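Reading through the structure tokens given below for one structure.
Source: prediction; values computed, not measured. We're numbering straight along the sequence, starting at 1. The figures here come from the full heavy-atom set of this structure, side chains too, leaving out hydrogens, waters and symmetry mates.
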Amino acid sequence: MGEIFFQNTMGGRKEPFSPLHEGEVRIYTCGPTVYDFAHIGNFRTFVFQDVLRRFLRSRGFRLHQVMNLTDVDDRIILNAQAAGIGIREYTDRYIQAFLQDMRLLRLEMPETIVRATDHIDDMVAIVRTLLDRGYAYQSEGSIYYRIAKFPAYGRLSKVNFSGIQAGARVDVDRYEKDDARDFALWKAHKPGEHFWHTPIGDGRPGWHIECSAMAMKYLGPTLDIHTGGVDLVFPHHENEIAQSEASTGQPFVRFWLHAEHLFVNGEKMSKSLGNFYTLRDLFQRGYRPSSIRFLLASVPYRRQLNFTFDGLVQAASAVERLRNFSDRLRNESLPEQGAVVFAERIANAVAEFEAGLEDDVNTARALAAVFDLVREVNTAMDRGEFGRADVAAAAALLDRFDAIFAVLAPDAAALLAELGYAEAGGLSDAEIEERVAARQQARRQRDFAASDRIRQELAERGIILEDLKDGTVRWKRK
């Protein structure tokens, strides 16, 4: 196995990776802001982070990944006030929903998951240090970070902020790129708003100080990897660097890995456009978690992902193809020794799979290595040329693939049913379309055993297929 390279947002180039502490990788993950259900754009980033941690662990590294749950910010406070409940009660619902979604997508739980509101004292300690060192100042009860005192401000986002207006301040947690102004570390208490009584005054933390406090509390002053969506580069991660390094005098993060945007049918996801989807919207339509996970993982994280429902059906077909291949390896009657020896070909596929992941987690390259081999072996099986002697090696590659991509096991139908997203034992229209597409793919590849198996499975579930002369398929329920 070769050396691992990551594209570091800080510097904008691929760099060889090794952890600061031998054998252990310390990762901080910006988790969800729990003011609503997480959407598929969020989960594009979370699936990447899961593939990353699975890959690193497969290379023998111990992991300490910290994921934060932002349970206090402007939106949460406004929504909780509108609902007439406290922020803890308001956010509990969305935290539980997020953890359920993680289970359904087979996202491994980080070693440490933390809530911002449990770390107010840690945030206050950093703010006091910044005040003592002259990086922060008080104004009308709030405390702001003085970015003019931090010359390296902007190196992550690669924007020149040298002409900023000294003393201009911003109180909102989110603001536009290039609008660099002193940002709030601590916000003064407003009437009717949730607040904490602390040595630096009554109020609540700004969004950015939360992550600095939680990351350094559990991982130390310097992290190996900090991940998040590309939308967080500025201002959030830029501000994290400024306040963390000013408080410790040490580098904050060695490798910044940012996942690109997800679009829907080529457009930015927006509720106003009617193309905004949570995982639960897709579950309600009958799409399976494995199909969603495969689609979100299939495009390398540094490339924009265009989500379409056709793409989701194709992902379901790809997963079905892999499951059928796994079944063939286990159950098909094969000659002891095939006419073609596949040992070298399988070894090359393994090497290419690993090389893809080593190359900045290039999932497309890794997947191509697996699917090329699956196609060749299926063809050889159909011709009687693949023998039992090569089954173990092919199955080992499939196991290696699934240790990273985690889509081969049956979906958690019981949990979906418990959440009300599928009838136990029933199939939605979307699920039927997925199975039909998988059967069509099997037929195109002349995998008639898989095609017949899918037809029989659908028949047992009350679905009748009719193959039309033009090659399309019509289906109906009994």
**Prompt:** Can Glu193 and His189 be counted as having a side-chain donor-acceptor contact under 3.5 angstrom?
**Reply:** no
**Request:** Sequence neighbours left out, what pairs pass side chain to side chain donor-acceptor pair (under 3.5 Å) with at least one residue falling in residues 51-62?
**Result:** Asp50-Arg54, Arg53-Gln65, Arg53-Glu108, Arg53-Glu111, Arg57-Glu108, Ser58-Arg400, Arg59-Glu354, Arg59-Glu358
**Asked** Centres of the Phe98 and Phe46 rings: under 6.0 Å?
**Response** yes
**Request:** Keeping to residues at least two apart or across chains, list the salt bridge (Lys or Arg N to Asp or Glu O under 4.0 Å) pairs with something in residues 211-227.
**Result:** Asp122-Lys217, Asp224-Arg254
**Message:** Is it the case that over 12 heavy atoms from other parts of the model lie below 6.0 angstrom from the CZ atom of Arg13?
**Reply:** no
**Request:** Quick one: list whatever passes ring pair (Phe, Tyr, Trp, His ring centres under 6.0 Å) with His261, sequence neighbours left out.
**Result:** none
**Request:** Output all residues satisfying side-chain contact (heavy atoms from CB on, under 4.5 Å) with His39, sequence neighbours left out; order by chain, then residue number.
**Result:** Asn42, Met269, Phe276
**Message:** Counting only heavy atoms not in Glu22 (residues, nucleotides, ligands), do more than 12 fall under 6.0 Å from its CD?
**Reply:** no
**Message:** Checking Asp399 now: which residues fulfil side chain to side chain donor-acceptor pair (under 3.5 Å) with it, not counting sequence neighbours?
**Reply:** none
**Residues that Tyr218 engages under side chain to side chain donor-acceptor pair (under 3.5 Å), provided they are two or more places apart** = His119
**Prompt:** side chain to side chain donor-acceptor pair (under 3.5 Å): which pairs involve residues 303-317, sequence neighbours left out?
**Reply:** none
**With sequence neighbours excluded, residues passing ring pair (Phe, Tyr, Trp, His ring centres under 6.0 Å) with Phe325** = none
**Prompt:** Which residues pass the salt bridge (Lys or Arg N to Asp or Glu O under 4.0 Å) test with Arg375, sequence neighbours left out?
**Reply:** Asp372
**Prompt:** Does Arg280 CZ have over 12 foreign heavy atoms under 6.0 Å away?
**Reply:** yes
**Prompt:** Which residue pairs pass the ring pair (Phe, Tyr, Trp, His ring centres under 6.0 Å) test with at least one member in residues 51-75, sequence neighbours excluded?
**Reply:** none
**Message:** Is it the case that over 12 heavy atoms from other parts of the model lie below 6.0 angstrom from the CZ atom of Arg155?
**Reply:** yes
**Prompt:** Considering residues, nucleotides and ligands other than Asp118, do more than 12 of their heavy atoms fall under 6.0 Å from its CG?
**Reply:** yes
**Request:** Output all residues satisfying side-chain contact (heavy atoms from CB on, under 4.5 Å) with Asn8, sequence neighbours left out; order by chain, then residue number.
**Result:** Met10, Glu15, Phe255, Trp256
**Request:** Name all residues meeting the side-chain contact (heavy atoms from CB on, under 4.5 Å) criterion together with Leu78; count only those two or more places apart in sequence or in a different chain, and write none if there are none.
**Result:** Gln81
**Prompt:** Can a donor-acceptor pair be found between the side chains of Tyr94 and Asp71 at a distance below 3.5 Å?
**Reply:** no
**Message:** side-chain contact (heavy atoms from CB on, under 4.5 Å), that's the test. Do Phe5 and Asp360 meet it? Break it down for me.
**Reply:** CA-CA 5 Å; Phe5 286 81; Asp360 194 32; 5.7 Å; no
**Mutual orientation of the aromatic rings belonging to Phe183 and Tyr145 [parallel < 30°, tilted 30-60°, perpendicular > 60°]** = parallel
